[in-house]
Amino acid sequence: MPGTTVPPRPCRLAPSILSADFARLADAVGAAERAGADWIHVDVMDGRFVPDLTFGPKTVGDLHRATGLPLDVHLMIERPDRWIDRYADAGADYLTIHVESTPDVAGTLAAIRARGVRPGVTLDPDTPLDRLLPHIGAADLVLVMSVRPGLGGQEFIPGSLERIAAVRQALDERRLSAELEVDGGIKPGNARAARDAGATVLVAGSAVYLDPDGVSAAIAKLRRTLA
Ligand code: DX5
Ligand code: ZN
């Protein structure tokens, strides 16, 4: 209607501790929590699905005791189906799997839900959305990767905005209320565009933990661009 403004979609911030000091993770999540972060994004890498190694279930369990924020666990691992019980027991709130990582995506999402954890599904930026869309109805979170998985501090791939918008359209057409998360290269300069394309959760690693002004100022900068 002319003269009416559609209120902006609420958008959560999920700092990724991948860019934090791994010897001070409790401080890193505490700083994000005090600065008003909504979730903590935990990038699990197994040295196989992606080259690097990061955290395992023990770290997730320790983080669960260290923060009241939901733990958004991004599994960049082969055969995530073999690890669901361990991450569920550790206290993960969301467990997101890659469509490329297991032959049974639907079964793995169902197994995550059966353990009382919110299932998430994602795909590499080079993988066609056709591989993702059949699974969005079974997920509580759909993650659009805006960099190649495996490394913090990469540049946002510009074509990601179209992919976010396409997933937003697919969710809306099917009246699905899953979170639409974007991960990779999010900075104050592009956060609003990602939100406006339809995202409801933005992951930010280097923009939060490598900002020379500190975590609190970094989160405030991102919030301001979303206001
Ligand atoms: C990349 C990870 C991201 C990473 C994002 O494989 O999935 O979560 O931490 O880092 P930035 O925000 O620095 O691109
Ligand atoms: Zn991630």
Side-chain angles (χ1 to χ4, degrees), residues 14 16 18 39 41-55 57 60 71-88 92-115 117-152 154 156-186 194 197-203 205:
S16 164
L18 184 62
W39 297 355
H41 185 83
V42 184
D43 287 303
V44 173
M45 304 184 187
D46 65 352
R48 295 169 67 94
F49 183 74
V50 290
D52 213 347
L53 274 173
T54 54
F55 315 112
V60 172
L71 295 180
D72 168 32
V73 178
H74 177 191
L75 295 178
M76 285 168 273
I77 64 176
E78 281 181 8
R79 296 300 305 270
D81 42 297
R82 295 176 176 162
W83 288 90
I84 293 166
D85 284 337
R86 298 288 305 281
Y87 287 102
D93 292 279
Y94 286 84
L95 273 179
T96 296
I97 62 161
H98 276 255
V99 296
E100 304 89 353
S101 65
T102 169
D104 186 10
V105 175
T108 307
L109 293 172
I112 293 169
R113 193 179 293 287
R115 279 300 320 261
V117 180
R118 293 181 176 276
V121 64
T122 188
L123 75 178
D124 289 2
D126 302 324
T127 303
L129 287 180
D130 296 355
R131 297 266 309 272
L132 176 81
L133 296 178
H135 302 294
I136 63 174
D140 287 348
L141 180 150
V142 181
L143 167 59
V144 173
M145 289 301 300
S146 40
V147 296
R148 290 195 177 75
L151 206 63
Q154 303 179 74
F156 185 89
I157 299 172
S160 306
L161 287 177
E162 283 78 62
R163 282 163 70 90
I164 299 163
V167 175
R168 166 51 55 207
Q169 188 179 345
L171 288 169
D172 289 352
E173 277 171 7
R174 298 182 211 179
R175 300 187 193 285
L176 297 171
S177 57
E179 302 284 354
L180 174 46
E181 184 176 62
V182 180
D183 182 10
I186 292 289
T200 58
V201 186
L202 301 180
V203 175

Undergrad: Show your working on side chain to side chain contact (heavy atoms under 4.5 Å, CB included) between Y87 and V44 and close with a plain yes or no.
TA: CA-CA 10 Å; Y87 287 102; V44 173; 3.3 Å; yes

Undergrad: Where do F156 and V182 land on the side chain to side chain contact (heavy atoms under 4.5 Å, CB included) test, with the steps shown first?
TA: CA-CA 10 Å; F156 185 89; V182 180; 4.1 Å; yes

Undergrad: First locate atom CG of L143, then atom OG1 of T122, and finally report the distance between them rounded to the nearest 0.5 Å.
TA: 3.5 Å

Undergrad: Can you name the nearest heavy-atom pair linking A111 to I84, along with the distance?
TA: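 Smallest interatomic distance, heavy atoms only, reads CB-CD1, 3.7 Å.
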
Undergrad: Does some side-chain heavy atom of R113 sit less than 4.5 Å from a side-chain heavy atom of D140?
TA: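 In short, these two side chains touch, coming nearer than 4.5 Å.
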
Undergrad: Report the C-alpha separation of I186 and V203 in whole Å, then their side-chain angles, then the decisive distance to 0.1 Å, and conclude whether the side chain to side chain contact (heavy atoms under 4.5 Å, CB included) test is met.
TA: CA-CA 7 Å; I186 292 289; V203 175; 5.9 Å; no

Undergrad: Indicate yes or no: does R148 engage D126 in a salt bridge with an N to O separation below 4.0 Å.
TA: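 Looking at D126 together with R148, the answer is yes, because their closest N to O distance falls below 4.0 Å.
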
Undergrad: Under 4.5 Å between any side-chain heavy atoms of P103 and R79, yes or no?
TA: yes

Undergrad: Are R118 and E179 packed together at the side-chain level, in the sense that at least one heavy-atom pair is separated by less than 4.5 angstrom?
TA: no

Undergrad: E100 versus L123: any side-chain heavy-atom pair under 4.5 Å?
TA: yes

Undergrad: Would one find more than 12 heavy atoms of other residues, nucleotides or ligands at under 6.0 Å from atom CZ of R48?
TA: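 No, not enclosed.
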
Undergrad: At their closest point, which heavy atom of G185 faces which heavy atom of V147, and how far apart are they?
TA: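 Taking every non-hydrogen atom into account, N-CG1, 3.9 Å.
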
Undergrad: Could you grab the distance from atom CZ of R174 to atom CD1 of I136, nearest 0.5 Å is fine?
TA: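 Those atoms lie 4.0 Å apart.
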
Undergrad: Look up atom OG1 in T96 and atom CG in D72, then write down how far apart they are to the nearest 0.5 Å.
TA: 5.5 Å

Undergrad: Between L151 and Q154, which heavy-atom pair has the shortest distance, and what is it?
TA: O-NE2, 2.9 Å

Undergrad: Side-chain contact test, heavy atoms from C-beta onward, threshold under 4.5 Å: evaluate it for L132 versus V142 and give yes or no.
TA: yes

Undergrad: In Å and rounded to the nearest 0.5 Å, what is the CZ to OG1 distance from R168 to T200?
TA: 6.0 Å

Undergrad: Taking all atoms of both residues into account, what is the closest heavy-atom pair of G47 and L53, and its distance?
TA: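 The pair with the smallest heavy-atom distance is N-CD2, 3.9 Å.
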
Undergrad: Other residues, nucleotides and ligands only: do more than 12 of their heavy atoms fall within 6.0 Å of CH2 on W83?
TA: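 No.
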
Undergrad: Just say parallel, tilted or perpendicular for the rings of H98 and H74, cut-offs at 30° and 60°.
TA: parallel

Undergrad: Any donor-acceptor pair under 3.5 Å linking the side chain of D183 with the backbone of M145?
TA: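 Checking the backbone N and O of M145 against the side chain of D183, no donor-acceptor pair under 3.5 Å is found.
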
Undergrad: Charged N to carboxylate O below 4.0 Å: is that the case for R115 and D85?
TA: yes

Undergrad: What distance do D52 atom CG and L18 atom CG have between them, rounded to the nearest 0.5 Å?
TA: 7.5 Å

Undergrad: Assess whether side-chain hydrogen bond (donor to acceptor under 3.5 Å, both in side chains) is satisfied between D43 and S16, documenting all intermediate values.
TA: CA-CA 7 Å; D43 287 303; S16 164; 2.7 Å; yes

Undergrad: Give, for atom CD1 of I112 and atom CG of L95, the distance between the pair rounded to the nearest 0.5 Å.
TA: 5.0 Å

Undergrad: With heavy-atom distances below 4.5 Å as the criterion, would you say the side chains of V121 and V99 are in contact?
TA: yes

Undergrad: Between F55 and V73, is any pair of side-chain heavy atoms under 4.5 Å apart?
TA: no

Undergrad: Give me the atom names and distance for the closest heavy-atom approach of S146 to G184.
TA: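 Closest pair (atom of S146, atom of G184, distance): OG-O, 2.7 Å.
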
Undergrad: Are V105 and T108 close enough that some pair of their side-chain heavy atoms sits under 4.5 Å apart?
TA: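 No. Closest side-chain heavy atoms not under 4.5 Å.
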
Undergrad: Of the non-hydrogen atoms in D104 and G107, which two are nearest, and what is the gap between them?
TA: OD1-N, 2.8 Å

